[in-house]
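To start, the structure itself, in structure tokens.
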There are 2 protein chains.
Amino acid sequence: MKPTLQDVANAVGVSRSTVSNAYSRPDQLSAALRHRILDAARQLGYPGPNPTARSLRRGFVGAIGVLFTSQLSYAFTDPFAVRFLAGLSGAAERHGAALLLVPLPADPALARTAVENAAVDGFCVYCAGDEEWALEAIRGRALPYVTTAVAEAAHPAHRYVGIDERAAARTVAEHVAALGHRRVALLGDTVLPDTPPGPLRLAGPGDVPHPTTRGRLAGFADAFAAVGVDWSALTVLNATGNSRAAGAAAVAATLTGDAPPTAVLACSDVLALGVLDTLAEAGHRLPHPVSVTGFDDIAEAAAAGLTTMRQPAEEKGRIAAELLLEPPADPAAGHVLLRTDLIVRTSTGPA
Amino acid sequence: MKPTLQDVANAVGVSRSTVSNAYSRPDQLSAALRHRILDAARQLGYPGPNPTARSLRRGFVGAIGVLFTSQLSYAFTDPFAVRFLAGLSGAAERHGAALLLVPLPADPALARTAVENAAVDGFCVYCAGDEEWALEAIRGRALPYVTTAVAEAAHPAHRYVGIDERAAARTVAEHVAALGHRRVALLGDTVLPDTPPGPLRLAGPGDVPHPTTRGRLAGFADAFAAVGVDWSALTVLNATGNSRAAGAAAVAATLTGDAPPTAVLACSDVLALGVLDTLAEAGHRLPHPVSVTGFDDIAEAAAAGLTTMRQPAEEKGRIAAELLLEPPADPAAGHVLLRTDLIVRTSTGPA
DNA sequence: ACGCCCTTCTGGATCGATTCAGTCTGGATC
DNA sequence: GATCCAGACTGAATCGATCCAGAAGGGCGT
């Protein structure tokens with residue numbers, strides 16, 4: 001079998017502790033002996049202290065867990081998530097912390113044990129709406145955690161970095177309203193679960209389960225209410241996934257119907273790009289008869305001329321990591337609200 | 001402190017082993033007792049067996065390490081790497097394996113210990129040219145590993161999934177040569193280390209340290225040699241990074257010089273897009289006076305009309321994961337060569 | 001009543017290190 | 001020459017589980 005600390009100790013004729021010190025606390029032994037030990041280790045093919053055993057004894061691991069409550073591969077498919085991870089990994093790198101990407105089985109019970117079995121010192125939970133069970137499991141392990149969305153009635157240990165979804169969405173909608181649009185559609189991913197793509201009847205934004213989508217729809221509604229357009233006059237479109245194709249599918253029938261909206265406000269850039277795809281296929285070029293807005297300001301948005309609400313993706317990731325790796329003394333500092341900026345491009349114009 | 005197995009055992013009045021079995025081998029005890037144990041655990045706030053202790057005893061971790069020998073955050077910046085990771089994570093997810101992204105310090109000695117300290121069952125090494133030290137460290141730990149490039153004189157344990165870089169590049173260049181181009185520039189990232197952006201004198205492709213770049217340049221050269229264009233007649237352009245900006249910077253002076261090339265063959269799509277940016281800024285629209293080709297076929301390539309060599313990014317990731325997670329019995333099956341396809345778009349045309 | 005098997009549960013050994021209170025040694029101090 | 005001390009090294013306890021040989025108890029056939 002592979003050699004252990006003890007084998008090296010035997011070979012050199014010293015105690016296990018001394019070999020351990022040779023690796024982890026060089027100041028505890030003479031340089032000469034340390035060299036002898038390291039040489040012997042090399043000869044024996046000893047690769048250094050076993051990381052698992054070390055973690056067990058030391059009580060910490062040196063890795064933070066990253067949880068995507070939807071599919072893990074989503075993390076690499078969604079441009080915003082990728083930029084978030086870029087920021088996260090940069091900060092982790094600076095702290096020498098590794099990132100453990102934990103895949104979650106579809107079965108909730110199994111998913112919970114996946115969270116309980118992850119060897120990490122803390123968790124970053126990328127919010128997908130339904131994550132309370134995950135947070136509960138994390139708290140059960142008494143590990144620190146950060147979420148990527150504002151939590152209203154947060155548990156004291158709950159740290160987060162997010163934006164004011166509702167206010168940001170309201171700003172987008174105010175821009176659209178100011179351009180004179182009154183017949184508008186709001187487009188979101190999984191506005192209601194298990195619902196086909198296309199228009200949806202909703203009593204109000206409060207009925208939307210996903211908090212981020214709920215906040216954004218509410219913000220859109222706020223702005224239109226302020227100019228006299230009631231919630232019931234707004235069309236809500238449901239997309240079955242956060243992808244261009246899903247966005248296109250959700251909006252298709254509505255755009256070709258009679259009395260199509262003059263503006264479509266999407267809850268994400270990816271969905272908005274899907275809308276632009278549909279318009280482009282119908283032969284429309286910018287500026288369109290239909291104004292379109294997105295959310296997040298991903299790289300593709302600029303190229304497509306998409307008006308959108310920018311949120312600092314990399315910074316969000318960086319701060320999430322820092323909240324875990326250098327925990328603020330003041331608990332209030334554990335709640336970070338990021339700035340957002342309306343980026344007006346060519347996809348919006350007068351009604 | 002947090003409760004342990006022993007505490008739960010004491011509370012219920014059974015042995016440690018029985019509590020352990022309640023979690024890991026439910027068939028070893030009666031359902032009734034199992035429920036009593038699990039209930040007691042819940043009451044005590046016991047979060048389930050400690051993952052680190054379990055790993056130590058069981059001898060495996062349930063995670064595979066992912067090594068980017070350049071900066072970790074590069075993984076999320078390069079579109080090809082992201083798609084690779086998407087494939088990797090999808091396969092890992094299916095096997096219930098977690099992904100440990102290990103950041104490597106710039107200092108080589110520290111980087112080596114980072115590899116030695118990662119608690120994983122195997123490594124996927126995303127090739128960056130200089131990774132032999134990492135492979136050595138991994139072999140020292142007797143862990144299985146996969147690299148993302150073909151290795152010629154591979155260690156027996158060395159599994160890989162790659163493409164025939166040279167043949168693929170040759171195919172691209174043959175396409176360009178067939179269009180009549182004879183005055184061409186070849187563009188690569190870090191053709192020689194520590195060299196400013198722009199043209200470079202090289203005796204031949206053999207002088208390039210990075211194996212992937214070397215293979216691609218050699219393939220380009222092969223095709224042009226076949227039509228009578230000598231290596232010395234080719235311009236080699238060095239980019240200082242794999243980004244659009246770096247690609248643009250590398251090519252700028254050459255494009256505006258006298259006798260500019262009629263075609264630029266880049267070693268990656270990102271670099272090629274940088275060249276297109278430069279051309280667009282100079283007011284050129286497709287089809288250009290200058291043909292441009294890329295490599296990889298990332299998503300942006302299609303939108304930009306870039307002719308490129310497609311390699312199956314997600315599949316590469318998937319196969320890498322599978323080579324680790326379901327090791328082939330036949331060692332020859334540990335060497336996978338992927339298919340590549342020339343995708344001709346509008347960025348190439350007759351000279 | 002006896003032996004046998006099967007299920008259920010136990011106790012101790014073990015995984016591979018780290019930690020900390022000591023012990024030992026040689027040299028400086030008075 | 002006795003005392004003290006800093007530096008170098010040791011040993012046992014510990015981290016929190018899993019594993020396995022075996023003990024206890026119950027049911028069954030003869």
Side-chain angles (χ1 to χ4, degrees), chain A residues 1-38 40-41 44-62 113 116-121 140-143, chain B residues 1-38 40-41 44-62 113 116-121 140-143:
Chain A
M1 271 329 291
K2 268 186 302 185
T4 71
L5 257 198
Q6 183 71 72
D7 299 321
V8 179
N10 294 343
V12 183
V14 295
S15 81
R16 203 161 58 253
S17 325
T18 303
V19 180
S20 175
N21 285 334
Y23 283 95
S24 322
R25 308 162 71 166
D27 56 312
Q28 295 295 302
L29 34 54
S30 64
L33 179 56
R34 175 153 191 266
H35 259 103
R36 269 212 297 145
I37 291 176
L38 263 29
L44 288 174
Y46 176 70
N50 177 311
T52 308
R54 163 180 295 198
S55 295
L56 174 59
R57 183 63 240 237
R58 288 199 169 161
F60 88 108
V61 180
T113 69
E116 287 169 340
N117 286 336
V120 296
D121 301 318
R141 291 183 59 184
L143 290 177
Chain B
M1 269 329 289
K2 270 187 304 185
T4 71
L5 256 197
Q6 183 71 72
D7 299 320
V8 178
N10 294 343
V12 183
V14 295
S15 81
R16 202 163 61 253
S17 323
T18 304
V19 180
S20 174
N21 285 335
Y23 282 96
S24 321
R25 307 162 73 165
D27 56 313
Q28 295 294 302
L29 37 56
S30 65
L33 178 58
R34 175 154 191 264
H35 259 103
R36 268 210 300 144
I37 292 176
L38 263 29
L44 288 175
Y46 176 70
N50 177 310
T52 309
R54 167 181 294 204
S55 296
L56 173 59
R57 183 62 240 231
R58 286 196 171 164
F60 88 107
V61 179
T113 69
E116 287 168 340
N117 286 335
V120 296
D121 301 318
R141 291 183 57 184
L143 289 177

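Numbered from 1 within each chain, the chains take letters A, B, ... in sequence-line order. For the numbers below, each heavy atom of this structure counts, side chains included, while hydrogens, waters and symmetry mates do not. Predicted model, so just to flag it, every value in this text is computed and none were measured.
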ask   = Do A:D121 and A:L143 have side-chain heavy atoms sitting under 4.5 Å apart?
value = no
query = Does B:T113 reach the side chain of B:E116, with side-chain heavy atoms less than 4.5 Å apart?
reply = yes
[N] [atom2] sits how many Å from [X] [atom1], rounded?
| X | N | atom1 | atom2 | value |
| --- | --- | --- | --- | --- |
| A:R54 | D:dA17 | CZ | P | 21 Å |
| B:E116 | C:dA17 | CD | C1' | 15 Å |
| B:Q6 | D:dA17 | CD | C1' | 11 Å |
| B:I37 | C:dT10 | CD1 | P | 8 Å |
| B:D27 | D:dC20 | CG | C1' | 15 Å |

request  = Examine D:dT18: is either OP1 or OP2 under 4.0 Å from a nitrogen or oxygen in the side chain of B:S24? Give yes or no.
outcome  = yes
key: Phosphate OP1/OP2 of C:dG16 contacted by A:Y23 side-chain N/O (<4.0 Å)   = no
Under 3.5 Å, which N/O atoms of the protein pair with N/O atoms of nucleotides 23-27 of chain C?
none

key: Stem regions touching DNA chain C, defined by at least 3 consecutive Watson-Crick or wobble G-U pairs below 3.5 angstrom   = C:1-30 with D:1-30
message = Heavy atoms only, 4.0 Å cut-off, all strands: where does A:F60 land among base, sugar-phosphate and nothing?
response = nothing
query = Is a side-chain N or O of B:N117 found less than 3.5 angstrom from the main chain of A:P51, in a donor-acceptor match?
reply = no
request  = Could you verify whether a donor N or O on one side chain and an acceptor N or O on the other, from A:S15 and A:T18, lie under 3.5 Å apart?
outcome  = yes
task = May I have the step-by-step check of side-chain contact (heavy atoms from CB on, under 4.5 Å) for B:S20 and B:R57, ending in yes or no?
result = CA-CA 12 Å; B:S20 174; B:R57 183 62 240 231; over 6 Å; no
key: nucleotides 9-15 of chain D: protein proximity per nucleotide (B base, S sugar-phosphate only, - neither; heavy atom, under 4.0 Å)   = SBBBBBB
